[in-house]
Peer 1: 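I am attaching a structure below and will ask some questions about it afterwards.
All of these numbers come straight from a predicted model, not from anything done at the bench. To find a chain, count down the sequence lines: A is the first, B the second, and so on, and within it residues start at 1.
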Amino acid sequence: MSYDEWFRDDRLPHIYCAGCGNGTVINCTLSAVDQMGWTKDETVFVSGIGCSSRAPGYIVADSLHTTHGRAIAFATGIKMANPDLRVIVFTGDGDLAAIGGNHFIHACRRNIDLTVVCMNNMIYGMTGGQGSPTTPQGALSTTTPYGSAEAAFDLCGLAAAAGANYVARYTSYHVKELIRAVRTGLETPGFSFIEALVQCPTNFGRRNKFRQVMDQIEFFKSHALLVQKADRMREEGKKIPDDMIVIGELARRNRPPLGVRK
Amino acid sequence: MRLVIDESRCKGCNLCTLVCPYRIFKPGTTANRRGVIVPELDRPERCANCRLQHLYGRTLCGVCQMICPDQAISWEEEGACEPVKVAIEY
Ligand SMILES: Cc1ncc(C[n+]2csc(CCOP(=O)(O)OP(=O)(O)O)c2C)c(N)n1
Ligand code: SF4
Ligand code: SF4
Ligand code: SF4
């Protein structure tokens, strides 16, 4: 199969708003899947509920669009029932870290052989822009009209601490790096977690001084800090500004995986 | 190969104009039938992938296709055509 054969042409254009970063993440994931040379019969896409979770509907392979927050739970079932299937989970930040938070950390602990791609738009996109566990401090949303007072979750830190074998973070601007990260995740036995920060112009950008789609992409570009550089800065005792996004490969280890045929 | 934007998919977000090293995509000026202002292509034959895909047997660069959230950018085979002179910028 070639890269564009993974899309369901009859379903496109998709329902995402103009400039929504979810589309970019679908491209990058499918490009990585295509590089792996997998066939559509052996690949399964699973998702929960949210804008991001609509992604599997645009892909020709078998998919499961499950209940809110439960994508990883369903994916675990698929993988345990048939370890030969290649299971990829698309999820949103609310889906993964709010309602599905426990499934997430326990899947990391079990180190089950899944690849989870989280499209983190830092907001509940589908339901109209409520604050999510990853809404940055001070950001405006419909439920935080004076700016979010809470600290945001570091999803990658959570996955790494809970035991995932591979953890990486990129943004929808870093397409080449994102493809490589997803590909490494697909190759890694055990739980792989790839967080892709994406722009949500409709519900996040509009309220947070990113008037144009491009403004948020420019922000990702100028505020991305490679993890190696961040480590160096920490060693030198320099403070990393709060609005910087640490990107790169954040964990890679070799714990025994679950759900891999011996 | 020829670079094309599928007007039935493009939603006019202009992200492609941001990433191309040759600045082939330019913000459009007129809305199409669907009310979308599709970017214009400035001498698309300069695109690395248009020129070299066949030689290398794989997609080169391709950043615009990857970042386009609406899967609107692709390359199509060209038929026989008139030879044209192409100036390549380094
Ligand atoms: C059990 C349950 N609770 C709440 C909802 C309502 N709901 C639908 S989508 C959504 C938020 C999705 O946010 P996120 O996962 O960040 O995805 P996004 O839309 O931002 O991509 C919520 C709360 C639901 N569908 N089911
Ligand atoms: S609401 Fe946000 S996340 Fe949902 S489709 Fe629109 S831009 Fe994308
Ligand atoms: S990135 Fe895609 S959808 Fe956006 S303007 Fe360019 S061709 Fe259109
Ligand atoms: S493939 Fe690269 S060079 Fe060609 S149009 Fe796209 S971004 Fe420009």
Peer 1: Which atom names give the shortest non-hydrogen contact between Cys20(A) and Pro69(B), and what distance separates them?
Peer 2: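 Minimum heavy-atom separation between Cys20(A) and Pro69(B): O-CB, 3.1 Å.
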Peer 1: Find the distance between CG (Leu12(A)) and CZ (Arg9(B)) and round it off to the nearest 0.5 Å.
Peer 2: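 If we round to the nearest 0.5 Å, Leu12(A):CG and Arg9(B):CZ are 4.5 Å apart.
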Peer 1: Check whether Gln216(A) gets within reach of chain B through its side chain, its backbone, both or neither, counting any heavy atom under 4.5 Å.
Peer 2: neither
Peer 1: Calculate, to the nearest 0.5 Å, the distance between atoms CG and OH belonging to Leu15(B) and Tyr173(A) respectively.
Peer 2: 11.0 Å
Peer 1: Whether the side chain of Lys11(B) engages the backbone of Tyr16(A) through a donor-acceptor N/O pair (distance < 3.5 Å, no angle test) should be reported.
Peer 2: yes
Peer 1: In terms of heavy-atom contacts, does CZ of Arg211(A) have more than 12 from other residues, nucleotides or ligands at under 6.0 Å?
Peer 2: no
Peer 1: Taking atom CZ of Arg23(B) as the centre, report whether more than 12 heavy atoms of other residues, nucleotides or ligands fall under 6.0 Å from it.
Peer 2: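 Check fails, neighbour count at 12 or below.
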Peer 1: Contact part of Thr17(B) toward chain A, heavy-atom cut-off under 4.5 Å: side chain, backbone, both or neither?
Peer 2: side chain
Peer 1: Roughly how far, to the nearest 0.5 Å, is the CD atom of Gln71(B) from the CD1 atom of Ile26(A)?
Peer 2: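 Going from CD1 on Ile26(A) over to CD on Gln71(B), the span is 6.0 Å.
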Peer 1: What's the separation between atom OH in Tyr3(A) and atom OG1 in Thr59(B), rounded to the nearest 0.5 Å?
Peer 2: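 Going from OH on Tyr3(A) over to OG1 on Thr59(B), the span is 9.5 Å.
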Peer 1: Can you name the closest pair of heavy atoms from Ser8(B) and Pro13(A) and give their distance?
Peer 2: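 Heavy atoms only, the tightest pair is O-CG, 3.6 Å.
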Peer 1: Is there a donor in the side chain of Gln65(B) and an acceptor in the side chain of Asn27(A), or the other way round, less than 3.5 Å apart?
Peer 2: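 No.
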Peer 1: In terms of heavy-atom proximity below 4.5 Å to chain A, should Cys61(B) be classed as side chain, backbone, both, or neither?
Peer 2: backbone
Peer 1: Any side-chain heavy atom of Met66(B) sitting closer than 4.5 Å to one from Ile179(A)?
Peer 2: yes
Peer 1: When only pairs under 4.5 Å are counted, which of Gln212(A), His14(A), Met214(A) shares the most heavy-atom pairs with chain B?
Peer 2: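 Top count of heavy-atom pairs under 4.5 Å with chain B: His14(A).
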Peer 1: Other residues, nucleotides and ligands only: do more than 12 of their heavy atoms fall within 6.0 Å of NZ on Lys40(A)?
Peer 2: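 No - once you tally the heavy atoms of other residues, nucleotides and ligands closer than 6.0 Å, there are 12 at most.
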Peer 1: Hey, are the side chains of Leu18(B) and Ile217(A) touching, using non-hydrogen atoms and a 4.5 Å cut-off?
Peer 2: yes
Peer 1: Take atom CZ in Phe153(A); do more than 12 heavy atoms of anything else shown fall under 6.0 Å from it?
Peer 2: no
